[in-house]
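Right, one structure below, let's go through it.
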There are 2 protein chains.
Amino acid sequence: MITLNDKTYTCPVDVTLGFIGGKWKLLILFHLHYFTKKSYAEIRDNLPGISEKMLSQQLKELERDQLIEKNVITKKPYRVEYYLSTEGKSLAPLYEFASEWGIAYLKKHDIDYIQDQHLYK
Amino acid sequence: MITLNDKTYTCPVDVTLGFIGGKWKLLILFHLHYFTKKSYAEIRDNLPGISEKMLSQQLKELERDQLIEKNVITKKPYRVEYYLSTEGKSLAPLYEFASEWGIAYLKKHDIDYIQDQHLYK
DNA sequence: CTGCATCCTATACGATACTG
DNA sequence: CAGTATCGTATAGGATGCAG
């Protein structure tokens with residue numbers, strides 16, 4: 001057993017899962033990986049179905065875990081941009097692979113998707 | 001939006017997540033990737049904390065999604081072995097990377113772990 | 001625009017007992 | 001040994017309204 005931040009993990013894969021697990025984190029991370037920088041509203045609008053609660057909650061956890069960082073662009077009106085930290089970028093192979101595998105799966109099963117556009121609404 | 005098996009996905013990453021999401025699937029898959037073949041009891045005993053319900057449920061879903069396969073070795077007593085299908089093996093880079101990233105994280109933060117032994121109890 | 005608080009629901013997950 | 005059924009709980013997730 002591995003203990004980390006008051007939680008226990010069964011193996012290194014489990015540790016990684018602790019950072020990117022759940023329904024939204026990998027999608028948010030991939031999004032920032034793909035588009036480099038995005039505002040709160042842009043992320044929200046590009047992840048159909050995500051609620052404000054989940055978005056802010058997940059962003060906060062990703063910041064806490066130091067996978068993403070935030071710049072405050074202007075105070076009035078309040079505008080920000082989120083982007084991957086060095087640590088967050090170190091997971092890039094995972095985002096890439098997950099995306100490529102998904103695309104390959106869709107292609108293999110003749111399911112409609114739009115090549116080179118990673119947004120679906 | 002991508003529709004697949006009555007579910008909708010927002011992007012290819014989401015599709016991949018549909019197959020390996022949740023608390024246990026990646027751990028089971030990595031386990032079979034690492035040990036090649038394992039019986040029901042071996043998987044259970046090597047994934048501390050998993051309940052019988054979750055194990056059988058997840059195994060069934062992984063079989064349905066054709067990421068793993070099962071051999072019945074003997075009928076009496078009933079013995080089986082699970083292993084990755086070709087499709088399941090195609091996710092190997094993901095298991096490997098998730099494991100390596102977890103190990104690197106633990107090393108970086110000086111957290112105790114046992115090198116080259118992917119089981120923790 | 002960013003983002004939190006509240007309240008509510010769905011479902012993922014877990015303990016246990018039981019069957020072929 | 002390999003599972004399934006049942007029931008209960010915890011938490012993830014969602015709708016909405018409001019605040020800086």
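We name chains A, B, ... by the order of the sequence lines, and we start the count at 1 in each one.
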Is there a side-chain contact between [X] and the phosphate of [N], meaning an N or O under 4.0 Å from OP1 or OP2?
X: A/K70; N: C/dG3; answer: yes
X: B/Y78; N: C/dT19; answer: no
X: B/K75; N: C/dG20; answer: no

* To do: Using modelled atom types only, decide if a donor and an acceptor are shared between the side chain of A/T10 and the backbone of B/L47 within a distance under 3.5 Å.
  =>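 Side chain of A/T10 to backbone of B/L47, a donor-acceptor pair under 3.5 Å: no, none is there.
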
* Has the side chain of A/S85 got a donor or acceptor atom that lies under 3.5 Å from a matching backbone atom of A/E69? ->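 Pair absent, no side-chain N/O of A/S85 close to backbone of A/E69.
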
* Under the salt bridge (charged side-chain N to carboxylate O under 4.0 Å, His left out) test, which residues partner A/E61, sequence neighbours left out? ->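 Expected list: A/K25.
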
* Applying salt bridge (charged side-chain N to carboxylate O under 4.0 Å, His left out), name anything that partners A/E52, two or more places apart in sequence or on another chain. =>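 Once residues adjacent in sequence are excluded, the partners of A/E52 under the salt bridge (charged side-chain N to carboxylate O under 4.0 Å, His left out) criterion are A/R44.
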
* Check every strand shown and say whether A/T74 touches a base, only sugar-phosphate, or nothing at a heavy-atom separation below 4.0 Å. =>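 Answer is nothing: A/T74 stays at 4.0 Å or more from every strand.
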
Length of the [atom1]-[atom2] vector between [X] and [N], whole Å:
X: B/K25; N: C/dT11; atom1: NZ; atom2: C1'; value: 13 Å
X: B/K7; N: C/dA12; atom1: NZ; atom2: C1'; value: 12 Å
X: B/I50; N: C/dA12; atom1: CD1; atom2: P; value: 15 Å
X: B/K76; N: C/dG20; atom1: NZ; atom2: C1'; value: 9 Å
X: A/D14; N: C/dC13; atom1: CG; atom2: P; value: 12 Å
X: A/E52; N: C/dC1; atom1: CD; atom2: C1'; value: 10 Å

* Please walk me through it: do A/L94 and A/L26 pass side-chain contact (heavy atoms from CB on, under 4.5 Å)? -> CA-CA 9 Å; A/L94 203 147; A/L26 203 59; 3.7 Å; yes

* Taking only the side-chain heavy atoms of A/K53 (C-beta and beyond), determine which of C/dG3, C/dA5, C/dC13 contains the nearest atom. =>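 Nearest nucleotide to the side chain: C/dA5.
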
* **Residue met sooner reading DNA chain C from 5', once B/G22 and A/P77 are mapped to nucleotides** =>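 Residue closer to the 5' terminus by nearest nucleotide: A/P77.
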
* Please step through side-chain contact (heavy atoms from CB on, under 4.5 Å) for the pair B/E87 and A/W101, ending with a clear verdict. => CA-CA 10 Å; B/E87 191 93 333; A/W101 194 91; 4.3 Å; yes

* Asked: For A/I68, which residues count as a side-chain contact (heavy atoms from CB on, under 4.5 Å) partner, sequence neighbours excluded?
  ->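 Only A/L29, A/L32, A/L59, A/L62, A/E63, A/Y82, A/L84 meet the side-chain contact (heavy atoms from CB on, under 4.5 Å) criterion with A/I68.
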
* Check the side chains of A/E42 and A/H31 for a donor-acceptor pair under 3.5 angstrom, ignoring hydrogens and angles. =>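 A/H31 vs A/E42: no donor-acceptor pair found between side chains.
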
* Could you check which residues of residues 54-64 of chain B get a heavy atom under 4.0 Å from DNA chain C? Sort them by number, please. =>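 The stretch gives B/M54 as the residues lying under 4.0 Å from the strand, ordered by number.
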
* **Derivation and outcome, side-chain contact (heavy atoms from CB on, under 4.5 Å), residues A/L55 and A/Y40** => CA-CA 8 Å; A/L55 180 56; A/Y40 179 90; 3.9 Å; yes

* To do: Return the angle between end axes of the helix from C/dC1-D/dG20 to C/dG20-D/dC1, with five pairs used per end and rounding to 10°.
  =>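 Terminal axis comparison yields 50°.
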
* Give a yes or no on this: more than 12 heavy atoms of other residues, nucleotides or ligands lie within 6.0 Å of atom CD of B/Q66. =>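 At most 12 heavy atoms, drawn from other residues, nucleotides or ligands, come within 6.0 Å of this atom.
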
* To do: Under the side-chain contact (heavy atoms from CB on, under 4.5 Å) rule, what do A/L67 and A/F19 come out as? Steps first, then yes or no, please.
  => CA-CA 9 Å; A/L67 294 180; A/F19 289 101; 4.1 Å; yes

* Asked: So which one's nearest nucleotide on DNA chain D is more toward 5', A/W24 or B/E81?
  ->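 Comparing both residues, the 5'-ward one is B/E81.
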
* Where does the chain A footprint on DNA chain D start and end, counting 5' to 3' with a 4.0 Å heavy-atom cut-off? ->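 Nucleotide range with atoms under 4.0 Å of chain A: D/dG13 to D/dA15.
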
* Cluster check A/I73, A/V80: I/L/V/M/F/W/Y, side chain < 4.5 angstrom ->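 Cluster IDs for A/I73 and A/V80 differ.
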
